[in-house]
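Before any comments, here is the structure.
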Amino acid sequence: MTVLLREAIGDRLRHARTNQRRTLRDISRAARVSLGYLSEVERGQKEASSELLASICQALDLPLGELLHHVAADVSALDNVEVPPVDERIVEGTPREKRGAEASAAGIEGGRLMSELIGNDLADLRISPAPRMNTTLRTTIGQPKLASTIAA
């Protein structure tokens with residue numbers, strides 16, 4: 001699987017920012033980078049210059065060397081991943097309910113969404129248990145108020 005360097009850098013920058021619970025606006029102001037451009041860098045749509053990366057890393061209080069080390073580890077890990085080709089006949093024109101069964105029959109494995117990321121490397125990905133949902137119905141709708149007596 002080939003991964004673009006700008007995408008790996010963007011993923012790491014977004015990961016660092018979200019782990020600090022900071023907004024794009026906060027980092028764009030601190031780094032003196034436009035909000036839109038920073039967003040494009042995080043999404044891997046723009047190639048960031050070394051000066052821009054240094055500025056963003058400084059705003060994140062993240063050493064540039066550490067960012068690059070993690071990006072290198074991510075790229076190395078993804079280079080060893082083999083992705084089987086997807087059978088387009090299963091995906092195109094098939095209702096969602098049937099896709100899972102047909103994909104399983106074709107040998108395509110599905111996954112589930114992760115609620116949070118723990119750790120710094122792709123090897124540290126873990127799935128945490130989903131939060132328990134309260135099934136109790138709560139309502140604020142009360143009985144309609146009846147008019148007392150109507151004067152004749």
Side-chain angles (χ1 to χ4, degrees), residues 1-140:
M1 174 179 197
T2 304
V3 63
L4 294 176
L5 186 58
R6 70 174 185 251
E7 291 173 347
I9 289 171
D11 285 344
R12 274 292 160 184
L13 290 173
R14 176 169 284 165
H15 177 72
R17 179 180 59 78
T18 56
N19 275 353
Q20 294 176 15
R21 301 198 190 295
R22 295 175 69 188
T23 64
L24 271 170
R25 186 174 311 281
D26 178 37
I27 300 302
S28 72
R29 285 180 181 154
R32 296 181 181 258
V33 177
S34 78
L35 182 77
Y37 195 80
L38 179 59
S39 175
E40 288 179 318
V41 167
E42 279 193 0
R43 288 181 280 141
Q45 294 178 341
K46 292 288 183 185
E47 199 84 44
S49 68
S50 57
E51 292 88 1
L52 180 65
L53 277 179
S55 180
I56 295 169
C57 284
Q58 185 176 7
L60 287 167
D61 197 27
L62 171 70
L64 181 60
E66 186 177 329
L67 170 74
L68 296 176
H69 173 75
H70 289 303
V71 167
D74 292 348
V75 170
S76 295
L78 289 173
D79 278 343
N80 298 326
V81 174
E82 290 184 27
V83 179
V86 175
D87 188 354
E88 295 298 325
R89 293 172 297 154
I90 293 173
V91 178
E92 295 294 325
T94 306
R96 268 188 168 222
E97 300 80 36
K98 294 178 112 183
R99 287 183 197 168
E102 291 179 13
S104 294
I108 300 171
E109 289 187 30
R112 61 183 173 147
L113 296 176
M114 293 184 306
S115 59
E116 62 184 67
L117 182 67
I118 304 168
N120 288 327
D121 293 323
L122 289 176
D124 291 336
L125 289 177
R126 292 180 182 83
I127 299 175
S128 62
R132 306 274 289 164
M133 301 267 301
N134 186 356
T135 57
T136 307
L137 178 64
R138 288 188 229 156
T139 181
T140 57

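Being a predicted model, the structure only gives us computed values, none of them experimental.
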Check: Is L35 close to I27 at the side-chain level, that is, under 4.5 Å between some pair of heavy atoms?
Finding: no
Next item on the list: Check H69, R12, H15 against D74 for a side chain to side chain donor-acceptor pair (under 3.5 Å) and give me the one that passes.
Entry: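 With D74 as partner, H69, R12, H15 yield a single side chain to side chain donor-acceptor pair (under 3.5 Å), made by R12.
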Checklist line | Qualifying side chain to side chain donor-acceptor pair (under 3.5 Å) pairs with a residue from residues 35-45, counting only residues at least two apart or across chains | finding: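 Residue pairs with at least one partner in residues 35-45: R14-E42, R17-E42, S39-R43, R43-Q45.
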Check: side-chain contact (heavy atoms from CB on, under 4.5 Å) with Q20: which residues, sequence neighbours excluded?
Finding: R22, L60
Over all atoms of both residues, closest heavy-atom pair of [X] and [Y]:
{"X": "A30", "Y": "A59", "answer": "CB-CB, 3.6 Å"}
{"X": "A31", "Y": "S55", "answer": "O-OG, 2.6 Å"}
{"X": "L53", "Y": "L67", "answer": "CD2-CD2, 4.2 Å"}

Check: Nearest 0.5 Å, what's the SG-CG distance between C57 and L62?
Finding: 4.5 Å
Check: Counting distance only, does the side-chain N/O of T18 pair as donor-acceptor with the main-chain N or O of R21 below 3.5 Å?
Finding: no
